[in-house]
Amino acid sequence: SIKIGLVVAILSTILGLLAAKAVTRYRMPGRAPMVAFIMIPLVVPEIILGISLLILLSLADIPLSLFTVGFAHLLLCVPFSMLVLVSRMEGFDRSMEEAGLDLGENAWMTFWRVTFPVVLPGIVASLLLTFTISFDEFVLAFFLSSIEPTLPVYIWSSLRFPSKLPPTLALGATIFILSFIIVTFAEWMRKRGVRTESTPGILK
């Protein structure tokens, strides 16, 4: 679960950052349908998404593994990452990027030296949020995991044995508390980043 969560958090944050930058910085044809397509996993019930992915993987003759679980979690986490980072990019003054380009920096260095430090709180919030979502996700992992279950699937399977019930409940409570703390900190980071950027505009 930790391995999948870390990989999914990094990849979903990278994809979410690229998507957020494209949506907020460029006028693309078909932008609304593209955003709606990315957000589909947020409105489709996870059990429907899990069954659909299981059928597609079976048709493609792809064996179930941690890779398939990670792919499913990536589909679920990218929309969350994009939402977090879009809120951060929208509060970012574009003239700062334009100034960097006018002063001779290329697009990559402008992003690294101007954009990245400003959106860093949103990136940290995205990493924490997507890691928590992937780590705690059960339905997709239940359908798509093989002989290597994730922690939520392991907890579910342990509930069948009365002797394992007390430690399983304690483990579940611990995971719930840690997830709550991580999500709360991620939300604090996201709001802190937005406030930091919006203050100069108010003073002006």
Side-chain angles (χ1 to χ4, degrees), residues 1-26 34-35 38-42 46 66-67 69-101 105-138 140-141 150-152 172-203:
S1 294
I2 293 177
K3 290 179 180 178
I4 295 175
L6 290 175
V7 173
V8 169
I10 294 172
L11 292 180
S12 60
T13 299
I14 293 174
L15 295 176
L17 180 60
L18 295 175
K21 183 174 177 61
V23 169
T24 56
R25 291 294 184 268
Y26 306 104
M34 185 183 304
V35 173
I38 296 175
M39 298 300 166
I40 285 178
L42 297 183
E46 287 190 20
L66 293 181
F67 175 79
V69 176
F71 176 75
H73 287 185
L74 188 64
L75 292 179
L76 183 64
C77 291
V78 167
F80 286 98
S81 175
M82 182 178 174
L83 289 175
V84 171
L85 293 169
V86 162
S87 65
R88 182 59 185 149
M89 296 290 290
E90 286 181 343
F92 176 56
D93 189 2
R94 299 183 184 182
S95 62
M96 296 175 63
E97 291 179 328
E98 295 173 356
L101 294 172
E105 293 286 7
N106 55 35
W108 166 248
M109 291 304 299
T110 298
F111 171 80
W112 181 250
R113 300 182 63 179
V114 179
T115 308
F116 182 79
V118 176
V119 301
L120 182 59
I123 292 175
V124 174
S126 173
L127 288 170
L128 294 174
L129 180 62
T130 52
F131 173 81
T132 305
I133 293 172
S134 176
F135 187 84
D136 295 341
E137 206 285 323
F138 167 75
L140 296 178
T150 60
L151 185 58
T174 302
I175 293 174
F176 173 79
I177 294 173
L178 292 177
S179 299
F180 177 79
I181 294 173
I182 293 175
V183 171
T184 302
F185 181 73
E187 180 64 13
W188 176 79
M189 285 292 296
R190 186 188 67 84
K191 290 184 176 180
R192 177 177 177 270
V194 172
R195 285 202 302 268
T196 301
E197 179 58 28
S198 60
T199 301
I202 295 175
L203 294 177

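These figures come from a predicted structure and were not determined experimentally.
The only option from T132, L178, I133 that meets the side chain to side chain contact (heavy atoms under 4.5 Å, CB included) definition with V183 turns out to be T132. Residue V78 is tested with I14, L11, I38 for a side chain to side chain contact (heavy atoms under 4.5 Å, CB included); the sole match is I38.
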Practice problem: Decide side-chain contact (heavy atoms from CB on, under 4.5 Å) for E137 and T150; before the verdict, give the C-alpha distance in whole Å, the side-chain angles of both, and the deciding distance to 0.1 Å. | Solution: CA-CA 9 Å; E137 206 285 323; T150 60; over 6 Å; no

Practice problem: Please report the C-alpha distance between L140 and V69 in whole Å, then the side-chain angles of each, then the deciding distance to 0.1 Å, and finally whether the side-chain contact (heavy atoms from CB on, under 4.5 Å) criterion is met. | Solution: CA-CA 7 Å; L140 296 178; V69 176; over 6 Å; no

Quiz prompt | Residues L15, L74; criterion side-chain contact (heavy atoms from CB on, under 4.5 Å); working and verdict | solution = CA-CA 10 Å; L15 295 176; L74 188 64; 4.3 Å; yes

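Atom CD1 of I175 is separated from atom CG of L151 by 4.0 Å, given to the nearest 0.5 angstrom. Distance check, rounded to the nearest 0.5 Å: CG of L127 to CG of L6 gives 9.5 Å. We find the CG-OG1 distance between L18 and T13 to be 11.0 Å, quoted to the nearest 0.5 Å. Within the model, atoms NE2 of H73 and OG1 of T130 stand 12.0 Å from one another, a figure rounded to the nearest 0.5 Å. One finds the OG atom of S1 at 8.5 Å from the CG atom of L66 (value rounded to the nearest 0.5 Å).
Residues L83 and M39 have side chains in contact (heavy-atom distance under 4.5 Å, counting atoms from C-beta outward). Between M82 and V35, some side-chain heavy-atom pair lies under the 4.5 Å cut-off.
Shown here are the ring pair (Phe, Tyr, Trp, His ring centres under 6.0 Å) partners of F135, two or more places apart in sequence or in another chain: F131. For S81, the side chain to side chain donor-acceptor pair (under 3.5 Å) criterion is met by S126, not counting sequence neighbours. Every ring pair (Phe, Tyr, Trp, His ring centres under 6.0 Å) that F185 has, sequence neighbours left out, goes to W188. Contacts of L75 classified as side-chain contact (heavy atoms from CB on, under 4.5 Å), with partners at least two apart in sequence or in another chain: L53, F71. With sequence neighbours excluded, no residue forms a side chain to side chain donor-acceptor pair (under 3.5 Å) with T184. Applying the side-chain contact (heavy atoms from CB on, under 4.5 Å) rule to A20 yields the partners L85, V86, M89; only residues at least two apart in sequence or on another chain are considered.
Summarising the geometry of A125 relative to A186, their closest heavy-atom pair is CB-O, 3.2 Å, with the distance given to 0.1 Å. The two residues I4 and G70 make their nearest non-hydrogen contact at CG2-CA, 4.0 Å.
Although no hydrogens or angles enter the test, the distance criterion places a donor-acceptor pair under 3.5 Å between the side chain of S12 and the main chain of A9.
More than 12 heavy atoms of other residues, nucleotides or ligands shown are found within 6.0 angstrom of CG on L120.
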